[in-house]
Amino acid sequence: MKKLLLIDGSSIAFRAFFALYTQIDKFKAPNGLHNNAIYGFHTMLSNVIAAENPSHILIAFDAGKTTFRTKMYPEYKGGRAKTPDEFREQFPFIREMIDALGIKHYELDDYEADDIIGTLAHQADLSDFDAITVVSGDRDLTQLTTQKITVEITIKGVGELETYTPDYMMEKLGLTTDQFIDLKALMGDKSDNIPGVTKIGEKTGIKLLLEYGSLEGIYDNIDSMKKSKMKENLINDKDQAFLSKELATIDKHSPITITLDDTVYNGPDFDKLIKFYDTMGFKKFKDELSGDNIPQVEKSEIAYTLISNQDELNDLDFSSDQFLYLEILGESYHKSDIIGFAWGNKDNFYVSKNLLLLSDERFKIPQNTYDFKKNKVLFHRQGVDYPLVEFDSMLAKYLISTTEDNKIATIADFYELEPIASDDEVYGKGAKIAVPEDDELFDHLARKVRVLAESKGLMEEDLNNYSQKELLSDMEMPLSDVLAKMEIRGIKVNRDTLNQIGQENEKSIEKLTSEIYEMAGEEFNINSPKQLGVILFEKMGLPVIKKTKTGYSTAVDVLEILAPQAPIVDKILKYRQLTKIQSTYVQGLSNEIAPDDKIHTRYVQDLTQTGRLSSVEPNLQNIPVRLEEGRKIRKAFVPEWDDSVLLSSDYSQIELRVLAHISGDEHLIAAFENGDDIHTSTAQRVFDIENPDDVTANDRRNAKAVNFGVVYGISDFGLSNNLGISRAEAKKYIDTYFERYPGIKNYMEEIVRFAKDKGYVETLYHRRRKLPDINARNFNVRQFAERTAINSPIQGSAADILKVAMINLDKKLTEGNFKSKMLLQVHDEIVLEVPNSELEEVGKLVKDTMESAIELKVPLIADENSGKTWYEAK
DNA sequence: CAATTCACG
DNA sequence: ACGTACGTGAATTGG
């Protein structure tokens with residue numbers, strides 16, 4: 001029997017919430033989350049599944065506020081009360097529950113759940129399904145009934161169902177299902193704000209339909225009706241009646257991307273479900289899962305083939321869809337050597353320690369891997385070119401979820417495959433890290449390959465559902481190739497320059513140290529906040545401005561307040577500044593200069609929550625620039641070739657431009673289109689200054705802080721802190737800002753609402769960040785998630801745009817046979833080495849490429865500088 | 001190994 | 001009433 005069950009998730013959740021609303025205080029999960037709607041939804045589901053025993057199930061949800069119906073009639077569903085927060089916070093968990101129950105769910109932009117259900121029900125009606133059951137809390141769905149389609153409407157909360165068939169409809173109303181739609185067109189619907197015809201209700205509507213058959217029938221015969229108020233109303237409201245009919249009619253041909261085959265029901269995922277019941281405190285449901293339902297996970301053996309001799313490659317088949325995995329100890333692939341590697345598909349695994357295999361032309365590099373960039377560097381160190389492959393599991397996993405790391409053991413866990421040992425368990429960590437015996441090493445490598453092979457299909461499914469296929473194939477994958485080349489190339493750093501800066505700093509530090517000791521009256525460790533705190537706040541009795549968890553805070557903002565009160569404080573600030581430059585930059589960078597006189601950083605491509613890169617060993621994204629003393633460090637970064645310069649190109653205000661684009665705020669857009677100085681423009685609007693020349697430096701500074709705040713998800717406290725003004729004053733700034741930039745305010749409200757409903761936010765390129773805390777009970781935790789919801793699409797889209805620019809630029813430089821090369825990326829900036837002979841042409845190319853990476857509602861601007869060192873290229 | 005501080009966008 | 005700006009990495013101290 002093929003039986004399809006279609007559930008109107010939005011309406012059932014709504015009914016369930018209000019059915020148990022009186023007991024809402026009793027329905028709370030251990031973590032405080034209200035769960036009455038979740039509980040009610042589950043009860044309804046279990047009952048229906050037990051009664052119907054469906055082979056296919058789909059739960060449809062409404063996608064959002066606007067639909068094709070609101071486009072047709074903006075008042076549609078207008079005037080509805082706001083969804084209570086206690087209800088909204090349960091949405092993401094209802095979806096999580098449905099996932100754990102192994103049931104598919106679906107929603108479609110611009111369409112309601114009704115239309116998804118109507119379309120699938122209609123398709124199933126015409127195919128080989130034996131029966132279709134639709135469950136909803138909304139009687140409108142009864143228009144779908146046919147001989148095969150039964151519609152069940154919840155009554156008395158969600159506990160009981162009323163079954164609608166064509167016969168039952170005839171019996172109850174005396175109408176056919178088509179006539180039921182016409183009835184609604186005549187009488188309208190208050191809850192959906194469908195107008196209908198004035199003064200016609202259920203009784204009159206049924207009478208008319210019985211007499212004339214249909215809405216069209218009524219109007220065809222309207223002339224023969226005798227004169228009455230009702231006739232007049234019918235004539236006056238004719239357009240409205242037909243519009244109402246259109247609104248009331250469920251679309252049976254909506255452009256769904258899900259098929260009937262996708263809705264196959266195979267029962268719950270017991271592990272997930274038990275975890276879910278635990279977090280919800282649903283003991284009753286958990287007990288109902290009898291132990292023998294739960295399949296036991298057995299530890300499997302894994303057989304692999306050791307390939308130690310190159311000639312064995314003759315007998316191997318590389319044609320199937322294989323993965324390659326290279327292992328090193330630790331992370332530093334620029335320095336550490338390969339300790340072993342493995343390749344294979346779901347069934348066959350090969351392992352080896354013989355690196356000569358990798359440079360043997362009989363070794364055909366598999367098109368799937370884990371951490372392509374690492375591999376490319378390692379291959380390069382073997383003297384082998386490693387062209388870009390098709391699929392990188394590490395990057396795929398990063399796009400699917402940033403909540404946890406992307407190690408292979410985590411992937412196994414994420415997709416509930418057989419667990420594998422962690423690298424720490426196999427290799428040890430810290431000082432004890434070591435290569436294990438061959439057996440253990442090879443077993444571990446083969447298991448990694450198995451996880452990769454088994455998870456690929458699951459990842460592709462997720463990427464598909466998240467619309468992220470292109471994000472992987474056209475952005476992260478090609479970028480990893482570009483980054484690999486940049487890392488391999490490295491940037492030349494002049495040791496002597498660093499040493500010279502170091503020696504000068506050393507002298508100043510010595511002098512400051514003895515001055516500080518003298519002023520303090522004793523010697524102590526100035527680097528220790530604890531000891532410094534004792535000197536400043538106990539011995540010298542300076543006022544405590546701020547405390548940390550462990551004692552007094554001695555951070556810069558605190559010391560700056562104290563500086564006028566004690567001359568020692570300025571010395572300490574200066575000491576801090578110089579020792580920071582000395583230890584992190586002079587010494588830190590010197591230690592990272594490789595034998596080729598270059599620094600090869602590693603860009604971590606799978607870490608940040610927003611899509612930015614990070615840079616480690618060393619971090620080349622935080623080389624000092626703001627203060628002159630630190631900025632000198634940049635003089636040590638130089639071109640590799642004679643007659644070349646470093647060229648730096650950075651986006652101007654990319655985050656505010658992205659904000660202007662996604663919010664669509666007309667004023668912010670206009671400012672960028674005019675080419676105004678954006679902070680001056682903001683100052684003008686917020687402080688009511690007509691002429692830009694009348695904006696003072698201080699006005700501009702304040703406006704700049706407000707603009708930053710907007711991007712970060714502003715709060716009056718944060719702004720007041722940053723500007724050193726009162727909270728009331730900060731609040732005034734913010735209120736005025738939102739009043740003058742209503743589009744921004746609207747964006748912030750919309751994106752937070754989206755996050756609360758969906759549990760995630762995304763960038764212009766569908767990069768996703770989950771926000772599990774968006775509905776948290778804890779005010780702080782929740783507010784943090786809300787600010788994150790505002791900031792992540794902005795920061796993330798900006799990051800995406802620079803990634804696109806880098807990929808495009810790399811292609812153009814390669815295809816144009818330029819000698820110029822990209823060296824560094826610093827979030828909104830690219831640094832290149834450019835021969836003087838190419839400077840003019842490449843300068844234009846870089847600027848054009850960056851400015852045309854994406855078409856936004858505002859222009860994108862890149863500013864360039866070049867010079868003999870990085871210091872001069874700013 | 002956590003906490004503090006400070007460098008960057 | 002709650003108590004905050006968004007995203008990172010490295011050096012240092014001290015339990």
Side-chain angles (χ1 to χ4, degrees), chain A residues 402 429-430 524-533 546-559 572-573 575-589 591-592 601-604 607-627 629-631 633-634 650-656 659 705-723 727 730 734 761 769 776-796 798-799 802 824-830 874:
Chain A
T402 55
K429 57 178 170 175
F524 67 101
N525 188 344
I526 310 169
N527 294 323
S528 163
K530 194 177 165 185
Q531 293 182 35
L532 180 61
K546 202 167 69 177
K547 286 199 137 200
T548 67
K549 273 188 238 171
T550 50
Y552 316 108
S553 171
T554 67
V556 184
D557 51 331
V558 172
L559 296 188
I572 291 164
L573 283 167
Y575 172 92
R576 282 246 179 102
Q577 194 195 347
L578 290 179
T579 52
K580 173 83 179 181
I581 294 167
Q582 197 66 359
S583 59
T584 304
Y585 298 103
V586 174
Q587 285 159 14
L589 289 178
N591 292 336
E592 299 288 351
T601 186
R602 261 192 308 125
Y603 290 104
V604 183
L607 182 137
T608 70
Q609 298 295 305
T610 54
R612 277 190 175 180
L613 302 175
S614 89
S615 158
V616 293
E617 287 182 289
N619 180 356
L620 293 185
Q621 291 179 321
N622 70 346
I623 304 302
V625 67
R626 291 171 192 168
L627 300 174
E629 290 88 337
R631 192 173 193 158
I633 293 290
R634 296 186 172 222
D650 69 298
Y651 279 123
S652 156
Q653 303 296 350
I654 188 167
E655 293 194 344
L656 282 172
L659 176 62
V706 172
N707 277 334
F708 267 92
V710 167
V711 169
Y712 294 154
I714 202 159
S715 74
D716 52 11
F717 189 91
L719 184 64
S720 74
N721 229 4
N722 189 287
L723 279 178
R727 267 179 71 177
I734 296 167
V761 290
R769 177 171 187 176
R777 252 66 51 220
N778 183 311
F779 178 89
N780 266 333
V781 172
R782 185 174 66 247
Q783 284 251 308
F784 181 65
E786 288 176 3
R787 290 196 298 273
T788 311
I790 293 168
N791 175 263
S792 290
I794 302 173
Q795 186 182 123
L802 185 58
L824 301 175
Q825 189 258 35
V826 195
H827 308 308
D828 64 356
E829 171 190 6
I830 314 177
K874 256 282 181 182

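In the text below, chain A, chain B and the rest are named by the order of the sequence lines, each starting its count at 1. The model shown is predicted, which means the values in this text are computed figures rather than measured ones.
Remark: the backbone N or O of K547(A) is not paired with any side-chain donor or acceptor of S553(A) at under 3.5 angstrom. Judged purely by atom type and a 3.5 angstrom limit, R612(A) has no side-chain atom pairing as donor or acceptor with the backbone of A799(A). Formation of a donor-acceptor pair under 3.5 Å by the N722(A) side chain with backbone atoms of G718(A) is not found in this model.
Rounded to an integer number of Å, the gap from N721(A) CG to dC6(C) P is 12 Å. Between the CD1 atom of I830(A) and the P atom of dG9(B) there is a distance of 15 Å, rounded to whole Å. We find that CG of L802(A) is positioned 16 Å from C1' of dT8(C), with the value rounded to whole Å. Per the geometry, NZ belonging to K549(A) stands 13 Å off C1' belonging to dC1(B), to the nearest Å. Atom NZ of K874(A) and atom C1' of dA7(B) are 14 Å apart (whole Å). Atom-to-atom, CD of Q825(A) to P of dT8(C) comes out at 14 Å; the value is rounded to the nearest Å. Residue L627(A) contributes atom CG, which lies 12 Å from atom C1' of dC8(B) at whole-angstrom precision. At whole-Å resolution of the value, CD in Q783(A) and P in dC6(C) are 11 Å apart.
Ranking dT8(C), dT4(C), dT5(B) by closeness to the R787(A) side chain, first place goes to dT4(C). The side chain of N780(A) approaches dG3(C) more closely than any other nucleotide in the set dC8(B), dG3(C), dA5(C). Nearest nucleotide to the side chain of A555(A), out of dG7(C), dA7(B), dT5(B): dT5(B).
DNA chain C is contacted by both T788(A) and R782(A); R782(A) maps to the nucleotide lying nearer its 5′ end (nearest heavy atom per residue).
Of the P atoms belonging to dC2(C) and dT5(B), the separation is 25 Å, rounded to the nearest Å. Comparing the P positions of dA5(C) and dT4(B) gives a spacing of 14 Å, expressed to the nearest Å. When the C1' atom is used for both dA7(B) and dT4(C), the distance is 23 Å, rounded to whole Å.
In this pair, F779(A) does not lay its aromatic ring on the base of dC2(C); centres under 5.5 Å and planes under 30 degrees do not both hold.
At dT4(B), one or more side-chain N or O atoms of T548(A) fall inside 4.0 Å of OP1 or OP2 (strictly under the cut-off). Contact annotation: R727(A) does not reach the phosphate of dG3(C) (side-chain N/O to OP1 or OP2, under 4.0 Å). Using a 4.0 Å cut-off, some side-chain N or O of R626(A) falls inside it from OP1 or OP2 of dG9(B).
Residue side chain Q795(A) reaches the base of dC6(C) through a donor-acceptor N/O pair under 3.5 Å, judged by distance alone. Side-chain to base pairing of R576(A) with dT5(B): no donor and acceptor N or O lie closer than 3.5 Å to each other.
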For this session: Check step by step if salt bridge (charged side-chain N to carboxylate O under 4.0 Å, His left out) holds for R602(A) and E592(A).
Result: CA-CA 12 Å; R602(A) 261 192 308 125; E592(A) 299 288 351; over 6 Å; no

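Of all nucleotides present, only dT12(C) satisfies the Watson-Crick or G-U wobble test against dA3(B), with each distance under 3.5 Å. Using N1 to N3 plus N6-O4 or O6-N4 for Watson-Crick, or N1-O2 and O6-N3 for G-U wobble, each under 3.5 Å, dC2(C) pairs with nothing.
Residue G709(A) is classed as a base contact, given a heavy-atom separation below 4.0 Å to a base. Heavy atoms of V826(A) sit under 4.0 angstrom from primed sugar atoms or phosphate atoms, though from no base atom. Backbone-only contact: D828(A) has heavy atoms under 4.0 Å from sugar-phosphate atoms and none from a base. At the heavy-atom level, R631(A) lies nowhere under 4.0 Å from the strands shown. Note on T554(A): only backbone sugar-phosphate atoms sit closer than 4.0 angstrom, heavy atoms only; bases stay farther off. Residue I623(A) is in sugar-phosphate contact alone, with no base atom involved, counting any heavy-atom pair closer than 4.0 Å across all strands shown. Counting any heavy atom pair closer than 4.0 Å across all strands shown, A789(A) reaches no nucleic acid atom.
The two residues L532(A) and R576(A) come nearest to each other via the heavy atoms CD2-NH2, 3.4 Å.
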For this session: Could you run through nucleotides 9-15 of chain C and give me one letter per nucleotide, 5' to 3': B if any protein heavy atom sits under 4.0 Å from the base, S if only the sugar-phosphate is that close, - if neither?
Result: BSSSSSS

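Between Q577(A) and E629(A), the side chains place a donor N or O and an acceptor N or O closer than 3.5 Å (distance only, hydrogens not considered).
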